[in-house]
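Note that this is a predicted model, so its numbers are computed, not measured.
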Amino acid sequence: MHKKEKQVPAKRQSWKPGNMLYPVPAVLVTVAGKGGDPNIFTVAWAGTICSDPPMLSISVRPSRYSHRMIEETGEFVVNLTTRGLAFATDYCGVKSGRDTDKFRDMKLHLLPGEVVKAPLLEESPVNIECCVKQILRLGSHDMFLAQVAAVHAQEAYMDSKGRFRLDKAQPIAYSHGGYYLLGEKLGTFGYSVRK
């Protein structure tokens, strides 16, 4: 008989409270002001909040140039990012639309929205048109709770069975100041109990 080895717990450090829920999606959000002037900025705090009706959230600092546009119009578009958009994703997060035309600087192209006045980012594999339902003022950030009004997906990422393959677009995530390419698939929903 083998003697059972005693498991030693991993050593841990205690840190002050902070946002440690990483990695997160790094998305490019497009907006348009009341006058139609577009802007694009990077959001790392975005997430799914409801499936019926389909809803998502983005958290934005009130000081951000686009914050006012979203408040005024109640609309924005979430554009998923890829390896090819990594440089633009960073640039649009550190430069302000108050000072420069980020679309021109990064050679990004716009398409009209189907439901909202905010534009779609042509280079993105998925564009999610959103209508704000509620704004939660939480402290450093305001959370915009929004209902999904339309979704657009590039046909280039559809497989022969008509399934969308976002993995082929090489999506990226953000973690502690770094951008990362998402890795290999480890399983599918329910695979742990499938017979």
*Any link between Val148 and Leu80 through a network of hydrophobic side chains (Ile, Leu, Val, Met, Phe, Trp, Tyr) touching at under 4.5 Å?*
yes

*Close side-chain approach of Thr30 to Asn127, heavy-atom, < 4.5 Å*: no

*Which pairs, with at least one residue in residues 113-142 and sequence neighbours excluded, count as a salt bridge (charged side-chain N to carboxylate O under 4.0 Å, His left out)?*
Glu71-Arg137, Arg137-Asp142

*With sequence neighbours excluded, what pairs up with Asp105 under the salt bridge (charged side-chain N to carboxylate O under 4.0 Å, His left out) test?*
none

*Is Asn79 reaching over with its side chain to a backbone N or O of Leu121, donor-acceptor style, under 3.5 angstrom?*
yes

*Are Tyr65 and Met106 joined in one hydrophobic group, where the rule is that I, L, V, M, F, W and Y side chains link up if heavy atoms are under 4.5 Å apart?*
no

_Test item: Cys131 and Val116 side chains (from C-beta on) under 4.5 Å apart, heavy atoms_ = yes

*At their closest point, which heavy atom of Ser59 faces which heavy atom of Val43, and how far apart are they?*
O-CG1, 4.0 Å

_Residue pairs passing the side-chain hydrogen bond (donor to acceptor under 3.5 Å, both in side chains) test where at least one lies in residues 38-56, sequence neighbours excluded_ = Asn39-Ser66

*Kindly write out the residues that satisfy ring-ring contact (aromatic ring centres under 6.0 Å, His included) with Phe144, not counting sequence neighbours, or none if the list is empty.*
His67

*Of all the heavy-atom pairs spanning Ala32 and Pro119, show the shortest one and how long it is.*
CB-CD, 4.2 Å

Less than 3.5 Å apart, which donor and acceptor atoms pair up between the side chains of residues 182-195 and the rest of the protein, not counting sequence neighbours?
| residue | atom | partner | partner atom | Å |
| --- | --- | --- | --- | --- |
| Thr188 | OG1 | Arg194 | NH1 | 3.2 |
| Arg194 | NH2 | Phe189 | O | 2.7 |

_side chain to side chain contact (heavy atoms under 4.5 Å, CB included) evaluation trace for Leu108 with Leu85_ = CA-CA 10 Å; Leu108 298 173; Leu85 284 168; 4.0 Å; yes

*Give the cluster check for Leu181 versus Val27: same hydrophobic cluster or not, with ILVMFWY residues linked at side-chain heavy-atom distances below 4.5 Å.*
no

Let me check something: any side-chain donor-acceptor pairs from residues 164-173 under 3.5 Å, sequence neighbours excluded? List them with distances.
| residue | atom | partner | partner atom | Å |
| --- | --- | --- | --- | --- |
| Arg165 | NE | Asp167 | OD1 | 3.0 |
| Arg165 | NH2 | Asp167 | OD2 | 2.7 |

*asked:* Please find the pair of heavy atoms, one from Ile58 and one from Ala46, that lie closest to each other, and give the distance.
replied: CG2-CB, 4.0 Å

*Do you reckon Val78 sits in the same ILVMFWY cluster as Val151, going by side-chain contacts under 4.5 Å, direct or chained?*
yes

*What residues join Val8 in its hydrophobic cluster, counting side-chain heavy atom gaps under 4.5 Å, either direct or through other members?*
none

*Would a 4.5 Å heavy-atom cut-off, applied to side chains only, mark Tyr180 and Pro23 as touching?*
no

*asked:* How long is the straight-line distance from CZ of Arg98 back to OG of Ser63, given to the nearest 0.5 Å?
replied: 7.0 Å

_pair Leu56-Cys130: side-chain heavy atoms closer than 4.5 Å_ = yes

_Is the shortest side-chain heavy-atom distance between Val31 and Phe41 below 4.5 Å?_
yes

*Shortest non-hydrogen contact between Leu28 and Cys92, atoms and distance*: CD2-CB, 3.7 Å

*Please name all residues satisfying ring-ring contact (aromatic ring centres under 6.0 Å, His included) with Tyr179, sequence neighbours left out, ordered by chain then number.*
Tyr174

*Is any side-chain heavy atom of Leu110 closer than 4.5 Å to a side-chain heavy atom of Ile40?*
no

*In the hydrophobic clustering that connects Ile, Leu, Val, Met, Phe, Trp and Tyr at side-chain heavy-atom distances below 4.5 Å, which members other than Met20 occupy its cluster, ordered by chain and number?*
Trp15

_Could you work out, with side-chain hydrogen bond (donor to acceptor under 3.5 Å, both in side chains) as the rule, every residue matching Arg61, not counting sequence neighbours?_
none

*Ignoring hydrogens and geometry, is there a side-chain-to-backbone donor-acceptor pair from Thr73 to Lys34 under 3.5 Å?*
no

*Can you list the residues that meet the ring-ring contact (aromatic ring centres under 6.0 Å, His included) rule with Tyr22, with sequence neighbours excluded?*
His176

*Got Phe76 and Met69 here, is their nearest side-chain heavy-atom distance under 4.5 Å?*
no

*Who else is in the cluster with Leu138 when I, L, V, M, F, W and Y are joined by side-chain contacts under 4.5 Å?*
Ile49, Met55, Leu136, Met143, Leu145

